[in-house]
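I have placed the structure first, in the form of structure tokens, so that the comments after it can refer back to it.
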Amino acid sequence: MNIWIAIGVTALGCYAVKLAGLLVPAHAVERPYVRRLAALLPVALLAALTAQQTFADGHALSLDARAAGLGAAAVALVLRAPFLLVVAAAVVVTAGVRAVGG
């Protein structure tokens, strides 16, 4: 039964955060600083999530095939490859490193 309490509290919390966002006055959101922060925040969160998923293994840092795949994706991005090619490069390199035992 405790899991349903946690789910209910989480749902109410999400609703409260969404409601708080809707109650913010328009003039507060129109400030240049807030606009710039709102534009950069998703990129920072995605980068943090990518780093955590790539280099973390429980409570320890790990350097394995995922890091090689991320490196291949970074190289493809620097070369301005299309998005699907970036993803494909990351997948192929990661699978290749895992196949050879890395």
Side-chain angles (χ1 to χ4, degrees):
M1 191 61 161
N2 289 339
I3 190 76
W4 289 109
I5 294 171
I7 291 171
V9 168
T10 303
L12 288 173
C14 289
Y15 183 77
V17 168
K18 183 143 182 116
L19 183 63
L22 292 173
L23 295 177
V24 173
H27 66 84
V29 180
E30 296 297 325
R31 295 180 181 164
Y33 177 74
V34 175
R35 284 178 161 241
R36 184 166 181 231
L37 183 66
L40 295 177
L41 195 59
V43 175
L45 289 173
L46 184 59
L49 178 63
T50 302
Q52 192 273 333
Q53 290 291 316
T54 301
F55 300 113
D57 186 21
H59 292 288
L61 290 176
S62 73
L63 199 59
D64 58 5
R66 296 174 295 180
L70 182 63
V75 169
L77 282 173
V78 167
L79 296 175
R80 298 191 180 266
F83 179 72
L84 288 178
L85 190 59
V86 171
V87 173
V91 168
V92 167
V93 170
T94 302
V97 171
R98 284 190 179 176
V100 297

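Predicted model, so just to flag it, every value in this text is computed and none were measured.
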Verify side chain to side chain contact (heavy atoms under 4.5 Å, CB included) between R98 and R66, making sure each step is shown before the conclusion. CA-CA 9 Å; R98 284 190 179 176; R66 296 174 295 180; 3.6 Å; yes
A28 to V24 - nearest heavy-atom pair and separation: CB-CG1, 4.0 Å
Looking only at heavy atoms, the pair that brings V93 and A68 closest together is CG1-O, 3.6 Å
Compare every heavy atom of A73 with every heavy atom of A90, then report the nearest pair and how far apart it is. CB-CB, 4.0 Å
Using the rule side chain to side chain contact (heavy atoms under 4.5 Å, CB included), only one of V75, T94, T50 pairs with L70; which is it? T50
So, taking the atom named OG1 in T54 and the one named CG in L61, what distance separates them when rounded to the nearest 0.5 Å? 11.5 Å
Working to the nearest 0.5 angstrom, can you tell me the gap between R36 CZ and L41 CG? 13.0 Å
When rounded to the nearest 0.5 angstrom, what distance separates CG in L40 from CG in L45? 11.0 Å
Verify the cluster assignment for F83 and V92: are they in a single hydrophobic cluster under the rule of side-chain heavy atoms below 4.5 Å apart? no
